[in-house]
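Note that these values count all heavy atoms, side chains included, but never hydrogens, waters or copies made by symmetry. Here the structure is a predicted model, which means the values were calculated and not measured. FYI, the numbering just counts along the sequence from 1.
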Amino acid sequence: MKKEIFNLFAILEKYSINFNEYMLAKMIAWGQANQNAEVVEEYFSMRMCARGNTIELLEGLKNAKIIGESYEIPQKGSNLDLHSIPMNEELAKELLQEN
C-alpha cells in the first residue's frame, strides 16, 4: 500500500495536479479504455462535495496540459462525453498501468 501512495505522489508532482484532478483523469482514462465501468459510473454518481466540481477539475487538467487546449469544457448541466476528451497519452498509459 505504501508503494502505491508514493507512486501516486510522484504522479501528482510530475503532472502538477491535485488528487481530485488525478481521480478525474483516471476516470477519463478508464472510461476511454472501457475499463472498470462500474467504478467510473460510481465516481460520476457521487455528490460533487465528495469528488469535486467536474468543470473546475477539467479546467485544472486543461491548465496542466493533461487534456488538450482545444477541448471545450461542457457547460454546467451538459453531458460529459469521456471519449471526446483529448488526454495526454503518457499520463493515460500510466493511469491504465496502475490498474
Between atom [atom1] of [X] and atom [atom2] of [Y], what is the distance when rounded to the nearest 0.5 Å?
X	Y	atom1	atom2	value
Thr54	Ile73	OG1	CD1	10.5 Å
Lys26	Ile11	NZ	CD1	7.0 Å
Asn79	Ser84	CG	OG	10.5 Å
Glu38	Glu42	CD	CD	10.0 Å
Ile66	Tyr22	CD1	OH	12.0 Å

Whether [X] side chain and [Y] backbone form a donor-acceptor pair below 3.5 Å:
X	Y	answer
Lys62	Glu69	yes
Asn36	Val39	no
Glu21	Asn18	yes
Gln32	Leu82	yes

ask   = Taking atom CD of Glu59 as the centre, does the number of heavy atoms from other residues, nucleotides or ligands within less than 6.0 Å exceed 12?
value =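 Above 12, so yes.
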Greater than 12 external heavy atoms within 6.0 Å of Met46's CE =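 Above 12, so yes.
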Measure across [X] and [Y] and return the closest heavy-atom pair with its distance rounded to 0.1 Å.
X	Y	result
Glu90	Asn88	N-OD1, 2.9 Å
Gly31	Val40	N-CG2, 4.1 Å
Leu61	Ala25	CD1-N, 4.1 Å
Ile17	Ala64	CG2-CB, 3.8 Å

A side-chain contact here means heavy atoms from C-beta on lying under 4.5 Å apart; do [X] and [Y] qualify?
X	Y	value
Arg51	Met27	no
Leu95	Trp30	no
Leu24	Tyr43	yes
Leu8	Glu4	no

request  = Go through the steps to decide whether Ile28 and Leu58 satisfy the test side chain to side chain contact (heavy atoms under 4.5 Å, CB included), and finish with yes or no.
outcome  = CA-CA 10 Å; Ile28 293 168; Leu58 286 169; 4.2 Å; yes
